[in-house]
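One structure is given below, encoded as structure tokens.
Throughout, protein chains are lettered first and strands after them, A, B, ... in sequence-line order, and every chain is numbered starting at 1. No experiment lies behind these values; they were computed from the predicted model shown.
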Protein chains: 2
Amino acid sequence: MYTYEYPRPSVTVDIVVFGYDGGRQLKLLLIQRGAPPFKGQWALPGGFVDLDEDLETAALRELEEETGVKDLFVEQLFTFGDPGRDPRGRVISVAYFALVNLQDHPAVAASDADEVGWYSLEELPELAFDHADIIEMATNRLRAKVRYQPIGFELLPEKFTLGQLQSLYETVLNVEEFNKRNFRTRILRTGILEEVGRQQNVAHRPAVLYSFNEETYQRLASQRDTGVLRRALDFEL
Amino acid sequence: MYTYEYPRPSVTVDIVVFGYDGGRQLKLLLIQRGAPPFKGQWALPGGFVDLDEDLETAALRELEEETGVKDLFVEQLFTFGDPGRDPRGRVISVAYFALVNLQDHPAVAASDADEVGWYSLEELPELAFDHADIIEMATNRLRAKVRYQPIGFELLPEKFTLGQLQSLYETVLNVEEFNKRNFRTRILRTGILEEVGRQQNVAHRPAVLYSFNEETYQRLASQRDTGVLRRALDFEL
DNA sequence: CATCTTAGTTTAAAATTTAAACTAAGGTAG
DNA sequence: CTACCTTAGTTTAAATTTTAAACTAAGATG
């Protein structure tokens, strides 16, 4: 038992993981709760923060324990602290936002006796706690961020074509179709893509494969020259 | 005394308040700590969250208690939770980011026996805890945000001239001088400014006074038409 | 070898951005 | 009352960027 002079809240982490499989829908990683409260309902992966553990570490640990997913892009989203958001008492949750490509992280090893699943963002089940709010904020963040930081690459496999990249942007931004020529020109102009080969065995002209050049990106970003990126990623809607 | 089955961290809020007085430097609101740890050193306003109180409410309450400043623009910045960031034990701090104009919130009523002061952002004293990191992140957020959201208005008095607005942007972004004609054209094109009179008793041609039109802004922002704003606020550096 | 599908280019018209030279409106000093 | 100082604000033409049409390219398949 632990005793303190003043009352203290519990602190948890929750993690919103977006996945992309090349289709027209983004996916979201959810677990089915095996214990009360909200037993049987779907929720975000997450759990209590250990006292000697960094917040981001806690989020990644809980994610791996509950879903087997690891090695992915992650950043802090927002801290949800409404009194009353958790029926067990005052629970403050630091929410994280993560991106992963489903090719490289396909199977999800269920553990901790909870079910795990990838849900289409447009067809989510009823969610526990205030997790619907957290997901809404994460979705807004993704849509905003994709327009000024090259985070889209986190959702694609190591090597990808410009067509795949364009489909991803169209999916994230929920847009019918961008102008192909201009998408190509804008993206390539930034210099953050690197040619790394060609498609094999496709029943049409094989596309050039690209990979994301982190080095060039860091140079652009640090030079305060983010205008190049912003202008390139700022598609007409 | 309060007893729990598992150990719990303490949760605090800290608030980074930027002020602007028309000069070439942004100001930051700091308090001098009256109690250990870091007694006598300067720090951000902040304190412990009450158990039945919203996080933002806690930040605003602590700010008013410690500095007398209230009624200002505020948003969540980031949650700092490194084990070891506070010598008293595990303390997780939800940091907030705030903007205020110094004309309307000039005097700062010291209370709680601490000293209070506005410091130039370029000449900060040594700071307690990890508050230097928090301030650095807040400054980056301000510089990034000013380019795609019209938050600059929060730092100016109700009525202002285009010259004042331009000076503010030059100060925030640390830029010598923007092109006057283009600044004017871009800002006015958005329609978020409203003419509300003229300067009086100035030794030169009196400028038109403007105020921020929240309604137009909301309309633009909700229409997903944020490109108008981004393009207008995206100054060449 | 014709045909299908997706990849990728060239380019001219339209739109926007840039910045130079200019005019305007007050106060102040003599 | 007039010349002059300071800052406000405009007009506009040249330079640049964006847009989107019509086109060519490359491989697989039957």
Side-chain angles (χ1 to χ4, degrees), chain A residues 22-24 147-148 156-157 159-171 173 175-191 193-211 225-237, chain B residues 22-24 147-148 156-157 159-171 173 175-191 193-211 225-237:
Chain A
R24 298 301 303 184
R147 294 168 145 280
Y148 62 91
L156 290 175
K159 300 178 180 184
F160 50 86
T161 69
L162 285 178
Q164 289 175 304
L165 184 63
Q166 179 169 349
S167 289
L168 167 63
Y169 274 96
E170 288 164 357
T171 301
L173 295 174
V175 162
E176 195 53 50
E177 190 177 8
F178 291 129
N179 184 302
K180 186 175 65 165
R181 329 175 250 294
N182 302 337
F183 184 87
R184 168 178 301 275
T185 312
R186 284 162 174 243
I187 291 286
L188 290 181
R189 183 171 50 199
T190 64
L193 291 191
E194 206 174 2
E195 281 196 39
V196 290
R198 297 204 137 241
Q199 275 183 326
Q200 303 283 326
N201 294 321
V202 285
H204 51 77
R205 174 171 175 174
V208 171
L209 292 170
Y210 292 91
S211 76
D225 196 358
T226 56
V228 175
L229 286 176
R230 259 205 321 285
R231 248 162 276 140
L233 299 171
D234 181 13
F235 312 104
E236 72 283 13
L237 284 183
Chain B
R24 297 301 302 185
R147 293 167 145 280
Y148 62 91
L156 290 174
K159 298 177 181 185
F160 51 87
T161 69
L162 285 179
Q164 289 175 305
L165 184 63
Q166 181 169 347
S167 289
L168 166 63
Y169 273 96
E170 288 162 357
T171 301
L173 295 174
V175 162
E176 196 53 52
E177 193 178 5
F178 291 129
N179 184 301
K180 186 177 63 166
R181 324 176 254 294
N182 301 337
F183 184 87
R184 167 178 301 274
T185 313
R186 285 164 172 241
I187 292 286
L188 290 181
R189 184 173 45 200
T190 65
L193 292 191
E194 206 173 3
E195 281 196 40
V196 289
R198 299 204 135 240
Q199 275 185 325
Q200 302 285 328
N201 294 321
V202 285
H204 52 76
R205 173 172 176 174
V208 170
L209 292 170
Y210 293 90
S211 74
D225 196 0
T226 57
V228 175
L229 285 176
R230 259 205 320 284
R231 248 161 277 143
L233 300 170
D234 181 13
F235 312 104
E236 72 284 14
L237 285 182

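Counting only heavy atoms from C-beta on, N201(A) has its side chain closest to dA28(D) among dA25(C), dT9(C), dA28(D). Listed nucleotides: dG27(C), dG9(D), dT6(C). Nearest to the side chain of V208(B): dG9(D). The side chain of K180(B) lies closest to dG9(D) when the candidates are dG9(D), dT29(D), dG27(C).
At least one side-chain heavy atom of Y210(B) sits less than 4.5 Å from a side-chain heavy atom of E195(B). A 4.5 Å side-chain heavy-atom check between I187(A) and F183(A) finds at least one atom pair inside the cut-off. At a threshold of 4.5 Å between non-hydrogen side-chain atoms, the residues R184(A) and Q166(A) do not count as touching.
The CZ-P distance, from R198(A) to dA7(C), rounds to 11 Å in whole Å. The separation between F160(A) atom CZ and dA7(C) atom P is 14 Å, rounded to whole Å. Spacing between atom CZ of R189(A) and atom P of dT16(D) amounts to 14 Å, rounded to whole angstrom units. Rounded to an integer number of Å, the gap from Q164(A) CD to dT6(C) C1' is 12 Å. Taking atom CZ of residue R181(A) and atom C1' of nucleotide dA12(C), one finds them 13 Å apart after rounding to whole Å. The separation between N182(B) atom CG and dA20(C) atom P is 11 Å, rounded to whole Å. The distance from atom CG of L165(A) to atom C1' of dA7(C) is 15 Å, rounded to the nearest whole Å. Separating the CG atom of N179(B) from the C1' atom of dA15(D) is a distance of 14 Å, rounded to the nearest angstrom.
Nearest-nucleotide assignment on DNA chain D puts the 5′-proximal partner with T161(B), out of R205(A) and T161(B). Each of A207(A) and T185(A) has a nearest nucleotide on DNA chain C; the 5'-most of these lies closest to A207(A).
The backbone N or O of G22(A) sits nowhere less than 3.5 Å from a side-chain atom of S167(A) that would complete a donor-acceptor pair.
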